[in-house]
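This is a predicted model, so every value here is computed, not measured. The sequence lines fix the lettering, A, B, ..., with proteins before strands; numbering per chain opens at 1. What you see below is based on every heavy atom in this structure, not just the backbone, and it leaves out hydrogens, waters and symmetry mates.
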Protein chains: 2
Amino acid sequence: MMKYKEVVKGLQEGIERGDFKATGQLPTIAALCKDYGVSKITIKKAMDDLEQMGLISRRRGSGTFVKNGAAKPVARSGLEMSQQMSGFNAEHSARGEKVESVVYDFSVTTPPEKVARLLGMEPDEFAYHICRVRLADEVAYAIEYTYMPIKVIPDLRLKHVEASIYAYVEDELGLKIASAHRTVRASLPTAEECERLGVGQHEPLLEVEQIGYLDDGIPFEFSVSRHPHGYEFFTISTR
Amino acid sequence: MMKYKEVVKGLQEGIERGDFKATGQLPTIAALCKDYGVSKITIKKAMDDLEQMGLISRRRGSGTFVKNGAAKPVARSGLEMSQQMSGFNAEHSARGEKVESVVYDFSVTTPPEKVARLLGMEPDEFAYHICRVRLADEVAYAIEYTYMPIKVIPDLRLKHVEASIYAYVEDELGLKIASAHRTVRASLPTAEECERLGVGQHEPLLEVEQIGYLDDGIPFEFSVSRHPHGYEFFTISTR
DNA sequence: AAGTGGTCTAGACCACTTC
DNA sequence: AAGTGGTCTAGACCACTTC
């Protein structure tokens with residue numbers, strides 16, 4: 001394991017144990033260098049991680065502070081971490097939930113102009129179109145509309161769509177999913193969606209539009225997911 | 001200006017100009033070290049920034065890739081960047097919009113138990129409570145409910161609440177706002193909110209719950225903002 | 001003046017991809 | 001084997017806070 005990850009783990013556990021409650025501060029970088037037997041830059045990289053995780057705040061000239069309330073972060077419980085990028089299966093399976101999909105459409109078509117542009121496709125190129133309702137422990141969790149260029153993701157089959165598209169892309173095709181650009185907004189269900197999700201026509205939905213990228217910068221998916229009430233999305237922002 | 005920021009700027013401009021379109025790749029780190037006359041770690045830090053901004057993707061062993069479509073990022077136009085943390089005033093003023101607030105409540109009270117806990121307050125400590133509707137170019141943009149501990153933010157006045165609370169905290173108190181933890185969900189307006197925002201009772205709202213932190217890790221604000229239709233929230237996530 | 005974190009260097013060594 | 005990005009070091013110098 002990389003040294004800076006060891007430091008991240010050690011400090012995170014310390015924070016959760018409440019080791020730094022007395023002062024509210026972590027030891028200085030110099031002290032941590034000695035403690036862990038590593039160089040300054042390694043401690044700094046670990047702190048970059050902890051800051052991203054929302055656990056600490058740094059102030060030049062005065063020290064590194066544990067965020068009040070960071071010990072028991074709500075973020076870890078049932079929320080979607082916007083930092084993460086793992087697909088529904090990984091997220092829910094990790095919580096021990098049974099994940100299923102109902103596939104309403106799986107076809108090949110030329111995508112709408114906006115989608116083609118966002119995916120860097122020519123107007124006459126083909127893409128899969130997928131509509132799925134995702135269930136976790138038999139509860140509808142989202143209805144999801146996805147376009148994926150056939151050029152980028154060859155030979156996608158119904159069995160993959162019913163199971164996990166991400167697993168097919170990564171494990172079978174050997175591609176690496178690297179990042180996603182997401183836009184979140186509120187919306188209302190269509191009549192069809194009311195039926196498929198089992199919600200009322202006035203139930204507000206959280207809509208997440210996503211462009212997924214591989215590690216070579218190629219977009220491999222455009223999707224819109226609409227989530228019934230109760231679904232939350234968590235983010236940490238820094239200046 | 002710091003060297004790595006110069007590199008960020010240079011590469012970003014290059015990406016927007018389309019300089020790297022031919023290969024889709026940035027020059028190698030070694031080449032950029034020569035070009036900019038800086039060390040490897042400085043180039044790496046610049047690339048960390050560009051990756052956070054959603055402009056590039058890196059692949060160990062093969063190179064650094066410009067994200068397809070990154071040239072004209074939708075993100076920069078009218079969207080809320082979840083990475084940012086600047087308050088409504090700065091966001092909208094930057095776009096040349098006239099920003100106003102209608103204050104419906106400004107009082108001092110003991111906050112609900114959940115809020116007190118999140119703000120690290122004792123049950124009998126006082127906090128300001130503020131309800132404001134924010135307008136940009138005369139259009140209601142959000143209704144916002146805020147609690148701030150009086151211990152952390154002393155002597156807040158109506159004039160600050162009508163103008164910009166962030167400006168008071170930073171410019172007058174000399175405190176530094178460092179980060180925010182945000183949870184996003186969908187909701188519906190109350191009857192009162194329909195009137196104050198001028199929306200119908202079935203209009204879905206985007207609700208953003210936020211805890212704001214100073215650079216010493218102390219939470220200074222808990223707020224819930226509810227935004228009418230059209231409001232969007234943008235995020236970039238990496239694995 | 002002393003102590004804190006931030007930037008930057010030159011270079012070693014490593015993990016991974018490509019040929 | 002050659003080329004790519006990633007981690008890590010020891011140390012210089014700087015910006016900022018605290019006393």
Side-chain angles (χ1 to χ4, degrees), chain A residues 1-11 20 23-52 55-67 170 173-179 214-218 238-239, chain B residues 1-11 20 23-52 55-67 170 173-179 214-218 238-239:
Chain A
M1 196 196 241
M2 281 164 296
K3 288 187 183 179
Y4 84 91
K5 286 287 185 194
E6 297 281 4
V7 179
V8 169
K9 205 178 138 205
L11 290 176
F20 312 116
T23 61
Q25 294 195 30
L26 293 190
T28 64
I29 290 182
L32 290 169
C33 286
K34 277 200 176 174
D35 290 356
Y36 284 92
V38 299
S39 78
K40 185 173 166 180
I41 225 166
T42 300
I43 298 294
K44 269 219 61 195
K45 194 156 163 61
M47 286 184 167
D48 289 345
D49 264 32
L50 292 167
E51 191 173 32
Q52 282 274 320
L55 292 175
I56 62 167
S57 197
R58 294 133 108 185
R59 186 192 209 161
R60 173 183 276 201
S62 74
T64 303
F65 300 81
V66 177
K67 274 188 185 168
E170 297 222 285
L173 295 181
L175 301 175
K176 195 164 161 214
I177 296 170
S179 62
L214 301 175
D215 65 351
D216 59 359
I218 303 288
T238 31
R239 289 239 226 191
Chain B
M1 196 195 240
M2 279 163 295
K3 288 188 183 179
Y4 84 92
K5 285 289 185 191
E6 297 282 4
V7 179
V8 169
K9 206 179 138 204
L11 291 175
F20 313 116
T23 60
Q25 295 196 30
L26 293 191
T28 64
I29 290 183
L32 290 170
C33 287
K34 277 200 179 176
D35 291 356
Y36 284 92
V38 299
S39 79
K40 184 172 168 181
I41 226 167
T42 300
I43 298 295
K44 269 219 62 195
K45 194 157 163 61
M47 287 185 166
D48 288 344
D49 262 33
L50 292 166
E51 191 173 33
Q52 281 275 321
L55 292 175
I56 62 168
S57 197
R58 293 133 108 184
R59 187 190 208 162
R60 172 183 275 201
S62 74
T64 303
F65 300 80
V66 177
K67 274 188 185 169
E170 298 221 287
L173 294 181
L175 301 174
K176 197 165 160 213
I177 296 169
S179 63
L214 301 175
D215 65 351
D216 59 359
I218 303 287
T238 32
R239 289 239 228 192

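Heavy atoms of Ile41(B) sit under 4.0 angstrom from at least one base atom.
Summary of the strand contacts: Gly37(A) and Ser62(A) both lie near DNA chain D, and taking for each the nucleotide with the nearest heavy atom, the more 5' one is attributed to Gly37(A). Of the two residues near DNA chain C, Lys40(B) and Lys5(B), the one whose nearest nucleotide lies more 5' is Lys5(B).
Atom CZ in Arg59(A) sits roughly 13 Å away from atom P in dG6(C) (whole-Å rounding). If you measure from atom CZ of Arg58(A) to atom C1' of dA15(D), you get 15 Å, rounded to the nearest angstrom. In this structure, Arg60(B) places its CZ atom 10 Å from P of dC8(D), rounding to the nearest Å. A straight line from CG of Leu26(B) to P of dG6(D) spans 12 Å, rounded to a whole angstrom. Rounded to whole Å, atom C1' of dA10(D) lies 12 Å from atom NZ of Lys3(A). Between the CG atom of Asp215(A) and the P atom of dT4(D) there is a distance of 17 Å, given to the nearest Å. Rounded to whole Å, the distance from CG on Asp216(A) to C1' on dC16(C) is 15 Å. One can place CG of Leu32(A) at 17 Å from C1' of dC8(D), the figure rounded to the nearest angstrom.
In this structure, Asp48(A) pairs ionically with Arg58(A), as a charged nitrogen and a carboxylate oxygen lie closer than 4.0 Å.
Distances shorter than 4.0 Å separate none of the side-chain N or O atoms of Lys45(B) from OP1 or OP2 on dC8(C). In this structure, Ser39(B) reaches the dT9(C) phosphate: one of its side-chain N or O atoms is under 4.0 Å from OP1 or OP2. Contact annotation: Tyr4(B) side-chain N/O to dC8(C) OP1/OP2 distance is not under 4.0 Å.
Minimum atom distance to the side chain of Met2(B) is reached by dT7(C), of the listed dT17(C), dA10(C), dT7(C). Out of dT18(C), dT9(C), dG5(D), the shortest distance to the side chain of Thr42(B) is found at dT9(C). In this structure, of dT9(C), dT18(C), dG6(C), it is dG6(C) that holds the atom nearest to the side chain of Ile29(A). Between dT7(C), dC8(C), dT18(C), one nucleotide has an atom nearer to the side chain of Lys44(A) than all others, and that is dT7(C). Relative to the side chain of Thr64(A), the nucleotides dT7(D), dG5(C), dT9(D) differ in distance, and dG5(C) lies closest.
The closest side-chain heavy-atom distance from Leu55(A) to Val66(A) is not below 4.5 Å. Within the 4.5 Å cutoff, no side-chain heavy atoms of Leu32(B) are placed close to those of Val7(B). At least one side-chain heavy atom of Ser179(A) sits under 4.5 Å from a side-chain heavy atom of Lys67(B). Side-chain atoms of Tyr36(B) and Glu6(B), non-hydrogen and from C-beta on, never get closer than 4.5 Å to each other.
Nucleotide dT17(C) is matched to dA2(D) when pairs are restricted to Watson-Crick or G-U wobble geometry with both distances under 3.5 angstrom.
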